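Quick notes on the structure that follows.
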Amino acid sequence: ADVLNDRESNAKRAKLSENSNEALDLRSQQEEEVTIHRKADLNLSAIKFVRILNDSPLNKSVFVEGLYNGEKVVIIFEKTPFSEASVKQLLERGDNSLKQHFHNDIYGDYTTFPNPELNGLKTTIIHPATEKHIEKYSAQQLFLIEESAEDYANITLPYIESTPLSIDWVYNILEHKSETDRIIFEDPDPELGFILLPDLKWNGQQTNDLYLVAICHKRNIKSLRDLNQQHLPLLRNIQKKGTEAISKKYDLKPSELRIYVHYQPSFYHLHIHFTALFDAPGSRVERAHLLSTIINNIELYGDYYQKSRLTFAVRKNDALFAKFEELKKF
Ligand code: GTA
């Protein structure tokens with residue numbers, strides 16, 4: 001308990017600044033992780049390993065397919081970034097935890113075995129997982145598609161309307177049924193309003209990988225393709241109030257944030273990603289469209305996103321790839 005109290009006061013004292021590694025409220029965030037990602041009846045030993053779907057040595061993460069009570073499960077294990085508080089703890093509590101491999105002049109190579117509390121893995125569990133989840137988290141060759149307005153109407157739209165990933169989790173947030181205690185900011189206006197909260201991908205413990213998502217209350221905007229001049233007040237509102245809320249809570253300026261939408265998104269209800277300036281998954285040019293650029297394009301041409309060609313990456317096993325291949329023979 002003393003250690004946790006120490007951490008809490010460290011977190012409160014922490015001045016969060018550019019690429020800060022200072023810890024946020026470590027304990028409450030850890031409790032939140034458990035609430036969100038773990039159903040009461042789920043534990044790791046009850047899940048049977050099936051196969052590794054993908055892994056990323058760079059992000060220190062692995063995507064695993066498992067079976068739980070005969071149902072498919074996707075587990076994502078991810079090593080988390082260091083915070084200043086956790087590094088201090090590593091040193092303060094590190095007695096006898098060094099195993100030396102070799103020593104040469106002033107250079108030493110060791111493995112450290114920290115206290116398990118300092119060595120937690122961010123764990124996301126999707127259960128029951130659909131075939132679409134398995135496919136989405138599997139390693140696959142990517143192809144870039146240049147989608148015209150006609151392609152969108154004839155190929156993409158019918159596809160996203162026929163096999164969407166469920167967005168019940170989005171409605172649970174908007175209706176205050178899930179993650180209510182994680183909300184950072186809410187503007188309840190049905191036209192212009194939104195909820196800003198930590199993204200599933202962020203453990204909330206350090207701002208160098210800050211990742212929040214703003215979900216708009218308005219329900220009929222599927223993606224970037226639907227945005228036009230009538231949505232400018234909504235987009236400006238999310239940009240202004242989202243950055244203000246982040247500045248107040250995390251002490252990050254708008255210039256320290258990457259604010260963007262994905263095209264194609266995984267979930268077809270408009271949401272905006274707010275991240276620190278790190279290489280977040282999905283922040284590459286073929287997927288991320290900066291909110292400031294979107295606003296600017298629509299200010300110039302109200303129907304920009306209805307008329308433009310938009311390029312996006314698609315996985316080889318995705319039915320959308322097959323549809324483009326069949327109809328466009330590329
Ligand atoms: N707060 O319940 C939720 C929730 N869900 C189900 C999704 N999100 C949620 N946030 C909260 N609560 O940023 C978040 C997602 C995502 C956003 C949806 O909503 O974390 P999107 O529609 O543009 O879809 O955004 P996107 O970006 O593909 O997100 P998603 O579904 O997480 O897919 C992640 C992709 O990144 C996968 O293809 C995966 O292979 C890859 N990836 C790489 N590293 C990671 C990682 N560490 N964790 C998860 N995915 C990773």
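Order of listing sets the numbers, starting from 1, for every ligand and every atom in it. Counting from 1, the numbers follow the sequence of the chain as shown. None of these values were measured; they are calculated from a predicted model.
- For a threshold of 3.5 Å applied to N or O pairs, the pair formed by L200 and ligand 1 contains at least one separation below that value.
- The aromatic rings of F143 and F321 sit parallel to each other, their planes meeting at less than 30°, with 60° as the upper class boundary.
- In terms of the ring pair (Phe, Tyr, Trp, His ring centres under 6.0 Å) criterion, residue partners of Y137 (sequence neighbours excluded) are, by chain and number, F63.
- D279 meets the side chain to side chain contact (heavy atoms under 4.5 Å, CB included) test with no other residue; sequence neighbours excluded.
- Below 3.5 Å of separation, one finds no N or O of P281 facing any N or O of ligand 1.
- The shortest N or O to N or O distance between F267 and ligand 1 is under 3.5 Å.
- For ligand 1, one of its N or O atoms has an N or O atom of R287 under 3.5 Å away.
- Look at P198 and you'll find a heavy atom under 4.0 Å from some atom of ligand 1.
- Tested against L53 for a side-chain contact (heavy atoms from CB on, under 4.5 Å), the candidates V64, I134, I76 yield a single pass: I134.
- At least one N/O-N/O distance between H262 and ligand 1 falls below 3.5 Å.
- With rounding to the nearest 0.5 angstrom, the CD atom of E244 is 7.5 Å from the CZ atom of F185.
- With a 4.0 Å heavy-atom cut-off, ligand 1 is reached by the backbone of K136 and by its side chain too.
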